[in-house]
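The structure displayed is predicted, hence computed values, not measured ones. Residue numbers begin at 1 in each chain, while the letters A, B, ... track the order of the sequences.
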There are 2 protein chains.
Amino acid sequence: MTSMNSLTFDELGSAAQRDRRKRILDATIALASKGGFDAVQMRAVAERADVALGTLYRYFPSKIHLLVSALAREFEQANSNMDRKPVPGDTSADRVIYVLNRNTRALQRDPNLTEALTRAFMFADASVANEIHAVGMHVTRMLMRAMHDPGTPASEIEPTEQDIAVAKVIGDVWLASLVQWVTGRASAADVSKSIDVAVHLLLRD
Amino acid sequence: MTSMNSLTFDELGSAAQRDRRKRILDATIALASKGGFDAVQMRAVAERADVALGTLYRYFPSKIHLLVSALAREFEQANSNMDRKPVPGDTSADRVIYVLNRNTRALQRDPNLTEALTRAFMFADASVANEIHAVGMHVTRMLMRAMHDPGTPASEIEPTEQDIAVAKVIGDVWLASLVQWVTGRASAADVSKSIDVAVHLLLRD
DNA sequence: TCTGCGACTGGAACGTGTTTCGATTGTCCA
DNA sequence: TGGACAATCGAAACACGTTCCAGTCGCAGA
């Protein structure tokens, strides 16, 4: 049933297993941060996490699953950090731009890590649907919170069709820009500009 | 100098070489069409194109270069097909939607091929910049022609900053939608809807 | 026609993602 | 405590992208 999915935190029975999972993701992030996608070698991850190669594959059925799961964990952390304060800005557009730029800068601070995670995300195929979906939810949630009044608890927002459509387009543009930045086809300024343009075109209020 | 780029059609001296290049790209398309990204195996391409493995690598320095070059050739052909007739539709938005839907349907008719080409495009790194750029130009050109009056020769259009920004966003959304379709995260209808939404939000005239 | 040189061939070899499997360890139930 | 069963380990093996090399071919210039 779950044979082709990564083992999630909650599915893991024992503390030792949750710890193994954490060690694996930590090792993944560390290696990615040091040398990007290519440096995340399965043997290296296993060794650094102090786990056998076969075990690594039991927890994450492929390198892509592993990296996308790491991305999901990063987004989750970022989201819960942001939940602590209301988003500054007077308009939807301002707040969305603020949030995206803030996250973009955070990503750009660790280019190797971002390259690794982004490339994995883009290369993922249908078998990674669950992990990808988790990432998508985090992004949508972040944008929804920014689009609505500051201080609104995320759980109480009920987005309109239009909201969702707009968030989807903005998310797409953000991701496409990041991909271009990661692959050296766009500068950091270009990414910022793209977001600005897209948000202002989409959220003229 | 050109050591890390694919050999382009014009760079090739002899007819035999141009023919080799064509055979390689044909073999690539055929294999991709049959089994997608994974089926495009370098040994298989070489064998089918009746070329030694080393020669294949002399023409295209990696599998990604190969597939992105194939994508560029496909777009080039599609573009020159479309140049034969004016784009139907009364408004920019209508014409852009028409063109994108037409191309989307064409891509969806061969899901394996589309999967192979899209994934390669998304996975490409900085070393594939030239090939990627070629693809980008074809897409931009296609959108520019659709945004302006039907019948205008592509060479005579002088796009404004705004035009370019809008085309960029639309291109990003189109690509992101295709990626989602390829990976089973969006249906054909979803792709169509995304394009509709993005174009109507961006080209309200 | 002969010569030299770059292109091409066939095939071996290497690296890394992935699979497999027998031996060992940990855990939980009787 | 003892035993069963799953999880983990250690290590070999496989697949495919990529590199390398020695030999052959084709062709332009002498």
Side-chain angles (χ1 to χ4, degrees), chain A residues 1-8 11-24 27-28 31-32 34-70 116 119-120 123-125 127-128, chain B residues 1-7 11-24 27-28 31-32 35-70 116 119-120 123-125 127-128:
Chain A
M1 172 72 75
T2 59
S3 62
M4 262 352 245
N5 291 322
S6 311
L7 266 28
T8 64
E11 288 166 3
L12 262 20
S14 75
Q17 286 179 316
R18 281 193 288 274
D19 190 59
R20 264 193 204 93
R21 192 188 128 103
K22 178 180 184 314
R23 288 205 311 274
I24 291 173
T28 302
L31 289 169
K34 192 180 302 179
F37 187 86
D38 289 341
V40 181
Q41 302 189 354
M42 299 304 270
R43 290 171 179 77
V45 171
E47 187 175 358
R48 181 161 190 143
D50 203 29
V51 138
L53 190 54
T55 304
L56 171 54
Y57 273 95
R58 237 180 60 79
Y59 279 68
F60 301 96
S62 79
K63 173 169 174 173
I64 301 296
H65 285 81
L66 173 60
L67 281 165
V68 176
S69 298
R119 310 240 339 254
F123 198 61
D125 66 7
S127 73
V128 202
Chain B
M1 172 71 77
T2 59
S3 62
M4 263 351 247
N5 290 321
S6 311
L7 266 30
E11 287 167 4
L12 261 19
S14 76
Q17 286 180 316
R18 282 193 288 274
D19 189 59
R20 264 193 205 93
R21 192 188 128 102
K22 177 179 184 313
R23 287 205 312 274
I24 291 173
T28 302
L31 289 168
F37 187 87
D38 290 340
V40 181
Q41 302 188 354
M42 300 304 269
R43 290 169 179 64
V45 171
E47 187 176 356
R48 181 158 189 145
D50 203 29
V51 140
L53 190 54
T55 304
L56 171 54
Y57 273 94
R58 239 180 58 80
Y59 280 69
F60 301 97
S62 79
K63 175 169 172 171
I64 300 296
H65 285 81
L66 173 60
L67 281 165
V68 177
S69 298
R119 297 198 44 215
F123 198 63
D125 67 6
S127 74
V128 202

Legend entry - Integer-rounded Å distance: D/dC20 C1' and B/Leu56 CG: 15 Å

Inset, instruction - Let me have a per-nucleotide readout for nucleotides 15-30 of chain C, 5' to 3', with B, S or -, counting only protein heavy atoms under 4.0 Å. - result: -BBBB-----------

Legend entry - B/Val51, nearest nucleotide to its side chain (from C/dA7, C/dT9, D/dA7): C/dT9

Inset, instruction - Report yes if at least one side-chain N or O of B/Tyr59 is closer than 4.0 Å to OP1 or OP2 of C/dC8; otherwise report no. - result: yes

Legend entry - Main-chain N/O of A/Leu31 paired with A/Arg48 side-chain donor or acceptor, under 3.5 Å: no

Inset, instruction - Specify the separation, in whole Å, of atom CD of B/Gln17 and atom P of D/dA28. - result: 11 Å

Inset, instruction - Round to a whole Å and report the spacing from CD of A/Glu47 to P of D/dG10. - result: 11 Å

Inset, instruction - Specify the separation, in whole Å, of atom CZ of B/Arg58 and atom C1' of C/dG6. - result: 8 Å

Legend entry - Nearest-angstrom distance from the residue atom CZ of B/Arg21 to P of C/dA7: 16 Å

Inset, instruction - Nearest 0.5 Å please: distance from the CG atom of A/Asp19 over to the CG atom of A/Asp50. - result: 10.5 Å

Inset, instruction - Report yes or no: is the cationic atom of A/Lys63 (NZ for Lys, CZ for Arg) under 6.0 Å from the centre of the six-membered ring of A/Phe37, at an angle within 45° of the ring normal? - result: yes

Legend entry - Gap between atoms CG and P, on B/Leu67 and D/dT18 respectively (whole Å): 10 Å

Legend entry - Atom-to-atom span, NE2 of B/His65 to P of D/dT19 - whole angstrom: 11 Å

Inset, instruction - Could you give me the CA-CA distance, side-chain angles and deciding distance for A/Tyr59 and A/His65, then say whether side chain to side chain contact (heavy atoms under 4.5 Å, CB included) is met? - result: CA-CA 9 Å; A/Tyr59 279 68; A/His65 285 81; over 6 Å; no

Inset, instruction - Kindly say whether B/Val51 contributes a backbone atom to a donor-acceptor pair with the side chain of B/Arg20 at under 3.5 angstrom? - result: no

Legend entry - Between OG1 on residue A/Thr8 and CZ on residue A/Arg18, distance to nearest 0.5 Å: 10.5 Å

